[in-house]
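These figures come from a predicted structure and were not determined experimentally.
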Amino acid sequence: MLRTSRLLVSAATLLGLAAVTSAAADVPPKPRTSPSPTAARPATPAPARAATAATAPKRPLTTLPYTPSLDLAAMDRSVDPCVDFFSYSCGGWKRRNPIPPDQARWDVYGKLTEDNAQFLWGMLEESGKPSPTRDAATQKIGDYFAACMEEAAVEKAGATPLKSDLDAIAALSAKDALGGLLGRLHLTVDSSAMLFGFGSEQDFKDSSRVIGFATAGGLGLPDRDYYVKDDAKSQETRQRYVQHVEKMLRLLGEAPEAAARDGATVMRVETALAKASLTRVDKRDPYKIYHRLHRAELQALTPSFRWADYLRASGQPDLDDINVTEPDFYKEMEARLKGESLGDLQTYLRWHLVHNRARYLSRPFVDENFAFYSAYLRDVKEQQPRWKRCVQWVDRDLGEALGQVFVRKAFPPELKASTSEMVRQIETAMEQRLKDLPWMGAATKGQALSKLHAMNNKIGYPDRWRDDTSLDIRRGGFAGNVERAVEFESRRQLAKIGKPVDRGEWGMTPPTVNAYYNPLMNDMNFPAGVLLPPLYDPKLDAAPNYGNTGSTIGHELTHGFDDEGRQFDDKGNLRDWWTPQDAAEFEKRAACVSDQYGQYTVVDDIKLNSKLTLGEDVADLGGTLIALQAWRNAVAGKALANRDGFTPDQRFFIGFAQWACGDERPASKRVNAVTNPHSPLEYRINGVVVNVPDFAAAFSCRPGQPMVKEADKVCRIW
């Protein structure tokens with residue numbers, strides 16, 4: 001399950017310790033964060049399509065629609081559950097829920113996200129009505145949304161919102177002035193979008209300290225692999241990307257010949273940076289992205305870049321300790337600074353500025369952005385309607401202000417209490433399983449139990465809301481609101497350096513349909529949006545709820561002990577607390593999972609990169625086993641009756657499968673095969689149940705059927 005933070009160099013993002021993934025949205029992450037692997041960005045603008053029954057204009061919702069956590073209509077009982085449990089549980093859902101034209105993927109999480117968005121739409125329209133009774137949070141979110149929805153003003157502005165920054169890039173008189181310029185630009189764009197990334201994060205080796213983080217960045221394609229692979233599709237994608245860069249630069253006023261030269265320049269610079277960047281699999285090893293240096297040492301890596309100017313412009317003139325996640329990348333950055341002309345570096349910056357801001361500009365920029373990143377890369381058929389994009393942007397930039405209104409209307413105290421109790425039951429089950437593990441020694445068990453007992457749980461919404469009173473949101477001028485919101489968040493993140501860690505902070509907003517575990521905080525985070533029907537349904541019996549939400553909770557908890565999370569201790573410090581024998585045994589058992597998933601085909605002839613998905617695959621399996629035990633503990637001694645023709649055990653497993661009901665376009669699967677640390681939906685279900693003998697018993701499966709493994713081949717970790 002996506003299960004990841006949206007903070008820049010948040011450990012969950014940086015390490016890929018992530019969550020239950022929903023449909024891709026055209027919303028970049030918070031400033032000071034890693035680039036979104038699914039953000040839509042753009043070949044030839046896709047033409048507008050007429051509305052169909054599936055895309056008929058929607059209206060704001062005043063109440064959230066209800067779907068049970070075990071949906072009989074979602075099933076396809078013509079399928080044998082022992083042959084294909086995913087299709088058995090979800091075949092009906094896929095037939096009734098074709099992928100909408102504005103989506104690359106459509107699943108239960110995506111549909112709930114859209115339902116929440118429609119509900120938020122209604123809240124925001126009401127919040128946007130001027131009234132003397134509006135509180136500060138309501139006024140901010142209402143005015144932001146109203147400004148975003150003023151399309152006529154956005155169209156009239158065209159590319160004007162870029163003018164001051166374009167002028168600053170054009171005025172760059174020498175390469176050694178680049179530090180001061182980037183220090184200013186990084187405050188108002190996604191910092192990793194221009195040459196490199198810079199932000200703040202807890203020190204891996206001392207999680208009580210926040211230090212600076214300098215990361216790799218500066219690429220316009222979804223991943224470094226797009227630049228280095230030589231297959232026909234990769235070559236085609238690079239050609240289309242260069243054409244897209246040319247078109248965007250022409251929208252800025254460049255002549256066709258100049259734009260063609262500049263497109264080639266961008267590709268040359270980015271290819272060099274990509275070749276020096278770590279792969280996503282390498283980034284899963286925290287030791288490979290931890291190189292704490294003093295500023296002078298970073299300066300020695302990049303003598304052509306004036307870090308003093310950069311940090312002064314960023315508002316951090318005295319910053320010293322910096323984790324340089326990829327030193328080799330910075331060596332290549334130095335080579336680019338020395339080897340590229342000033343004009344070529346200006347071209348590169350000009351491209352990334354328009355690339356980063358295109359979605360907020362007039363229609364030609366928006367359409368071209370969509371055409372490449374959504375239509376070409378993911379085969380999305382239509383642009384999302386304006387209201388949906390505006391809701392997403394409010395949630396991104398004013399998420400806790402929006403969340404205050406959302407939880408008052410959608411997440412009552414009794415729902416928080418019942419889900420908190422489920423978390424407690426899951427933790428108890430994990431404690432039992434740790435104590436009973438036959439392969440883990442006493443010393444490692446003691447450390448593991450200490451980590452479990454120290455784990456903090458965040459349910460629904462923060463105990464203390466974020467203070468954004470100094471953020472200036474205006475009724476008019478949407479692009480200005482975005483720029484001020486980005487700068488506000490950038491400065492907030494950088495201001496953490498040298499301050500005590502706020503362990504109550506969240507990396508997701510309350511309406512978010514997702515969850516995550518943060519290894520540096522050693523905490524699990526479950527926003528209100530992921531604790532609503534059809535994921536958690538207080539109207540139903542415990543079995544499907546434990547199968548669905550219980551397995552999500554177990555998944556996040558297991559991340560604390562997976563191949564990455566297990567390297568951090570109870571305080572969130574990167575420290576090896578495993579005996580060599582137990583570590584070797586864990587790796588052997590995890591290899592069983594990796595070998596299994598490595599046989600799965602994602603699309604065409606592309607196999608799953610099971611080294612990239614290992615942490616999520618291990619968490620899917622472990623989370624389900626823990627949830628199953630927790631459910632049995634919770635109902636012990638109670639008389640359980642069959643319902644809807646299913647036994648309680650069957651209801652648990654169907655509930656488990658139905659969180660994942662959905663489908664994805666083949667083009668999107670191709671992108672996710674490179675970028676996504678989560679396996680395709682069908683394998684997150686079928687790949688799990690083959691390793692759970694209780695499933696075979698529940699459905700009376702026979703040896704030799706596809707959903708049954710031979711006993712000696714079952715992967716057993718937790």
Side-chain angles (χ1 to χ4, degrees), residues 5-8 10 25 27-33 60-62 64 113 116-150 188 360 387-412 416 458-493 495-496 502 504-514 525-532:
S5 168
R6 292 194 301 178
L7 299 176
L8 159 63
S10 115
V27 180
K30 288 283 191 183
R32 304 290 165 181
T33 68
L61 295 175
T62 55
L64 285 168
T113 296
N116 283 358
Q118 282 188 262
F119 181 62
L120 293 170
W121 180 15
M123 287 171 37
L124 287 165
E125 283 199 338
E126 186 64 29
S127 300
K129 297 175 182 176
S131 166
T133 61
R134 289 195 301 173
D135 59 26
T138 303
Q139 180 174 344
K140 267 194 169 61
I141 63 175
D143 288 353
Y144 186 112
F145 184 76
C148 183
M149 291 295 288
E150 290 179 1
T188 57
Y360 315 122
W387 70 263
K388 192 184 296 186
R389 286 175 280 154
C390 289
V391 168
Q392 293 166 350
W393 291 330
V394 175
D395 184 49
R396 181 199 63 195
D397 290 339
L398 292 164
E400 293 205 2
L402 182 65
Q404 293 178 54
V405 184
F406 179 77
V407 298
R408 286 200 298 264
K409 294 178 178 290
F411 196 70
K416 180 169 183 173
K458 298 173 181 174
I459 312 296
Y461 50 87
D463 293 332
R464 184 181 68 258
W465 296 106
R466 188 172 299 165
D467 181 9
D468 58 9
T469 53
S470 63
L471 172 56
D472 179 20
I473 297 297
R474 302 171 191 174
R475 185 82 181 183
F478 169 59
N481 284 338
V482 171
E483 187 169 331
R484 287 187 296 275
V486 171
E487 182 171 357
F488 176 86
E489 178 64 12
S490 293
R491 292 190 183 279
R492 191 184 75 84
Q493 293 289 343
K496 295 178 181 180
D502 179 4
E505 183 174 14
W506 284 61
M508 286 181 177
T509 66
T512 303
V513 184
N514 213 328
N525 302 256
F526 303 99
V530 82
L531 300 174
L532 299 172

Please walk me through it: do D395 and Q392 pass side-chain contact (heavy atoms from CB on, under 4.5 Å)?
CA-CA 5 Å; D395 184 49; Q392 293 166 350; 5.7 Å; no
Heavy-atom closest contact ([X] atom, [Y] atom, distance):
X    : Y    : answer
A410 : L64  : CB-CD1, 4.0 Å
V407 : A528 : CG1-CB, 4.2 Å
D468 : A401 : OD2-CB, 4.0 Å
P527 : P510 : CB-O, 3.6 Å
T469 : D467 : OG1-OD1, 2.9 Å
C390 : M149 : SG-SD, 3.7 Å

So how far is it from [X] [atom1] to [Y] [atom2], rounded to the nearest 0.5 Å?
X    : Y    : atom1 : atom2 : value
F406 : L124 : CZ    : CG    : 11.5 Å
L471 : R466 : CG    : CZ    : 11.5 Å
Y360 : N481 : OH    : CG    : 12.0 Å
L398 : E489 : CG    : CD    : 10.5 Å
T62  : K409 : OG1   : NZ    : 9.5 Å
K140 : D135 : NZ    : CG    : 10.5 Å

Applying side-chain contact (heavy atoms from CB on, under 4.5 Å), run through D397 and F488 and close with a yes or a no.
CA-CA 9 Å; D397 290 339; F488 176 86; over 6 Å; no
Can a donor-acceptor pair be found, under 3.5 Å and without considering hydrogens, that links the side chain of K458 to the backbone of E505?
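Confirmed, K458 side chain pairs with E505 backbone.
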Are [X] and [Y] close enough that some pair of their side-chain heavy atoms sits under 4.5 Å apart?
X    : Y    : answer
P511 : L120 : yes
M508 : V530 : no
V405 : E126 : no
N116 : L532 : yes
Y461 : K416 : yes
P130 : R475 : yes

Hey, what's the ring geometry for W387 with W121, parallel, tilted or perpendicular (30° and 60° as the breaks)?
parallel
Assess whether side-chain contact (heavy atoms from CB on, under 4.5 Å) is satisfied between V482 and W393, documenting all intermediate values.
CA-CA 8 Å; V482 171; W393 291 330; 5.9 Å; no
Give the intermediate values and the outcome of side-chain contact (heavy atoms from CB on, under 4.5 Å) for residues I473 and R484.
CA-CA 8 Å; I473 297 297; R484 287 187 296 275; 5.8 Å; no
Using a distance-only test with no angle check, is there a side-chain donor-acceptor pair under 3.5 angstrom linking N514 and T512?
no
Quick one about Q404 and E400 (side-chain donor to acceptor, distance below 3.5 Å, no hydrogens or angles considered), yes or no?
no
